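Below is one structure; the comments refer to it alone.
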Amino acid sequence: MYKFKKDSYTRNRGGTSTLLKLNCRRCNNLICIYQKDGPGNLYRLYCDRIVYPKSLVENVTNKNIKNLENLCCEKCNAILAVPMIYEKEKLLALRLFADAIEKTKITIKDYENLKSTK
Ligand SMILES: [Zn+2]
């Protein structure tokens with residue numbers, strides 16, 4: 001079962017976490033499952049909070065601002081997010097374009113089901 005990542009960032013962001021399913025708004029393709037920490041809108045994706053699919057996780061792990069790629073929809077090629085450094089936390093992230101994605105809150109069980117059917 002998925003366990004939420006908990007670290008000092010989680011605490012600084014408010015201490016609570018949820019899982020979000022992100023789909024391409026243009027073609028509805030599943031982009032990723034993301035652990036969102038704290039309240040508020042989703043403006044950026046922290047690389048270490050992308051939990052699924054494995055291929056994307058591997059693509060964004062241990063990268064720097066120069067070699068992190070744009071986040072694109074594999075189905076319709078829409079560019080969804082671009083690399084950024086979030087200065088407040090000095091973290092590498094992907095800045096989402098406004099309205100590029102559709103987000104749905106899911107439970108850990110939903111996520112486990114989704115993983116097992118893919
Ligand atoms: Zn798409």
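As a basis for the values below, the full set of heavy atoms in this structure was taken, side chains included, without hydrogen atoms, waters or symmetry mates. When a ligand or atom number is given, it counts from 1 through the structure's own listing order. Keep in mind that what you see is a predicted model, and the values were worked out from it rather than measured.
If you check the side chains of Arg44 and Tyr46, you find a donor sitting under 3.5 Å from an acceptor. A side-chain donor from one of Thr10 and Asp7 sits under 3.5 Å from a side-chain acceptor of the other.
Between Lys103 and Leu20, the shortest heavy-atom distance links the atoms CD-CD1, 4.0 Å.
Here Asp48 pairs with nothing under the salt bridge (Lys or Arg N to Asp or Glu O under 4.0 Å) rule; sequence neighbours left out. Not counting sequence neighbours, the partners of Ile79 by the side-chain contact (heavy atoms from CB on, under 4.5 Å) test are Asn70, Cys72, Val82, Phe97. The ring pair (Phe, Tyr, Trp, His ring centres under 6.0 Å) check on Phe4 picks up Tyr2, with sequence neighbours excluded.
Protein N/O/S atoms found under 2.8 Å from the Zn ion (ligand 1), listed by chain and residue number: Cys24 SG, Cys27 SG, Cys73 SG, Cys76 SG.
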